Amino acid sequence: MHRTDHRHDVGGDGDAPGDADRAGLVADSFRRLFGGDPDGVWAAPGRVNLIGEHTDYNDGFALPIALPQSTLLAARGRTDGLLRLHSAQGDGRITDLAVSGLAPGAVAGWAAYPAGVVWALAEAGHPVGGADLHFDSTVPTGAGLSSSAALECAVAVAYDELYGLELSGPELARIAQRAENGFAGVPCGIMDQMASVCCTAEAALHLDARTPEHHQQVPFDLRGQGLRLLVIDTGVSHDLGDGAYAALRAGCERAAALLGLPALRDLRTEELPGAVRALPAELVPLVRHVVTENARVAEAVSRLREGNAAALGPILDEGHASLRDDYRVSCPETDLAAAAAQGAGALGARMTGGGFGGSVIALVRAGTESAVGGAVTAAFEAAGYRAPRILSVTPAAGARRLVPSAATP
Ligand code: ADP
Ligand code: MG
């Protein structure tokens, strides 16, 4: 008999090269691809949402943090109206587009996300032209960590400077969301883009999706409180995701209309029992999730403001149960990851992102990362699933220019 070793390597922020080194590399690649120097290098991060899932399109609340993993963009404006796109994670080719020819449905594949941002800016009446854009990202794609928003928001912040637009963070986030909804054809809410643009280091972003301008930074000093946050990428992404997301969204809108409310955000917790009696049975679990989830965001913000991040644990567990049992967007892999983490002593764990696969977050005490990570990996092995990828993350800064750096005159 052999003993199973439950220790496990958990990747941290420390294994990756720093922003300055990455910016230098992406600028070098830009020179090889396009010739000459980029005008600048920008970064936009991926995100995990601590709590407040499937609430943004109900005009509700969320509490995301930006990840240290980000998409870098080396960019240079062009005067001839051409948009040239290349990604280190793409198919190796440069995609050439005319800004004047951009229209929904006209661009296929990954290029729709960055091209959609240029289209959305032009649609909104901003005086934008072409550019040479080279991307290189450390955000895993399709893992529920919002690599799509990172890609869009990198373009939004770069164009803001290249074309002197001086838009606010929430305005840039709305442009990026419009690109994803109207150009790439994904009916997402505003949370991912708001997180990528407006998050700050060592804080969670308290987002009110009805008025993104009124977002607040809530101090989230994980390390100072002896805590760690694990991101467990299950490596699965179930295809039913897209259609199911649109159906859930439509169900929420129907429930709000039946209740005579602008959005489910306007249903108060004490009004929930009455709504349960008034609504068709199939809409009840959706409404219950949204109302209780908004309440969990408020609760989490209170605990963080008291300096008690460990108290987020039970809130994460309740959030996962609500997504699993009421909203029904979890899947066997995310359920197993959350349960294994909880069973191995995590303070709390839940799926994060839209669901049907993707990632699970686990809040753990410092020093227990390997035990929790190892338990999840062992559970996956026993279930016959592919090994998950586990990262320890800290709240990072939102989208910003890296080069030329602020210190450069
Ligand atoms: P998520 O946002 O959770 O990572 P999505 O399905 O919304 O998952 O977005 C993933 C898609 O975004 C990829 O399939 C690809 O088209 C595009 N994408 C994201 N990052 C990059 C990148 N660095 N290079 C090329 N395409 C990217
Ligand atoms: Mg996405």
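We count ligands from 1, going down the list as the structure has it; atoms in each ligand are counted the same way. This is a predicted model, so every value here is computed, not measured.
- In this structure, Tyr245 has its ring center closer than 6.0 angstrom to the ring center of Tyr57.
- At most 12 non-hydrogen atoms from other residues, nucleotides or ligands lie less than 6.0 angstrom from CZ of Arg365.
- When only modelled atom types and interatomic distance are considered, Gln342 and Arg350 share no side-chain donor-acceptor pair under 3.5 Å.
- There is a protein heavy atom closer than 4.0 angstrom to atom 20 (N) of ligand 1.
- The aromatic rings of Phe135 and Trp110 stand perpendicular to each other, their planes meeting at an angle above 60°, with 30° marking the opposite boundary.
- Numbered from 1 in the order shown, with element, the atoms of ligand 1 that lie under 4.0 Å from a heavy atom of Ser137 read 23 (N).
- Counting backbone and side-chain atoms alike, Ser148 contributes an N/O/S atom closer than 2.8 Å to the Mg ion (ligand 2).
- What sits closest to atom 18 (N) of ligand 1 on the protein, heavy atoms only, is Leu151 CD2, 3.5 Å.
- Remark: aromatic rings of Phe30 and His134 are distant, center separation not under 6.0 Å.
- Distances between N or O atoms of Gln89 and those of ligand 1 include at least one value under 3.5 Å.
- Given atom 10 (C) of ligand 1, the protein heavy atom at minimum distance is Ser147 OG, 3.5 Å.
- Backbone and side-chain nitrogen or oxygen atoms of Gly109 are examined, and none is located within less than 3.5 angstrom of a nitrogen or oxygen of ligand 1.
- Checked by atom type, the side-chain pair Arg386/Thr234 shows no donor-acceptor distance below 3.5 Å.
- Close approach of ligand 1 to Trp110 is summarised as follows: ligand atoms under 4.0 Å from at least one heavy atom of the residue are 15 (C), 16 (O), 25 (C), 26 (N).
- Side chains of Thr292 and Arg296: a donor on one and an acceptor on the other come within 3.5 Å.
- Some N or O of Gly144 is nearer than 3.5 Å to an N or O of ligand 1, by distance alone.
- Between the side chains of Asn49 and Thr352, no donor-acceptor pair of N or O atoms lies under 3.5 Å.
- Every atom of ligand 1 is numbered from 1 in the order shown, and the set under 4.0 Å from a heavy atom of Ser87 is 22 (C), 23 (N), 24 (N), 25 (C).
- In terms of protein heavy atoms, atom 13 (C) of ligand 1 is closest to Thr141 CB, 4.3 Å.
- Atom 7 (O) of ligand 1 has Ser148 OG, 3.1 Å as its closest protein atom, hydrogens excluded (heavy atom only).
- With ligand atoms numbered from 1 in the order given, ligand 1 contributes 3 (O) to contacts under 4.0 Å with heavy atoms of Leu145.
- In this structure, the protein non-hydrogen atom closest to atom 12 (O) of ligand 1 is Tyr113 CE1, 3.7 Å.
- Counting non-hydrogen atoms of other residues, nucleotides and ligands closer than 6.0 Å to CZ of Arg400 gives a total above 12.
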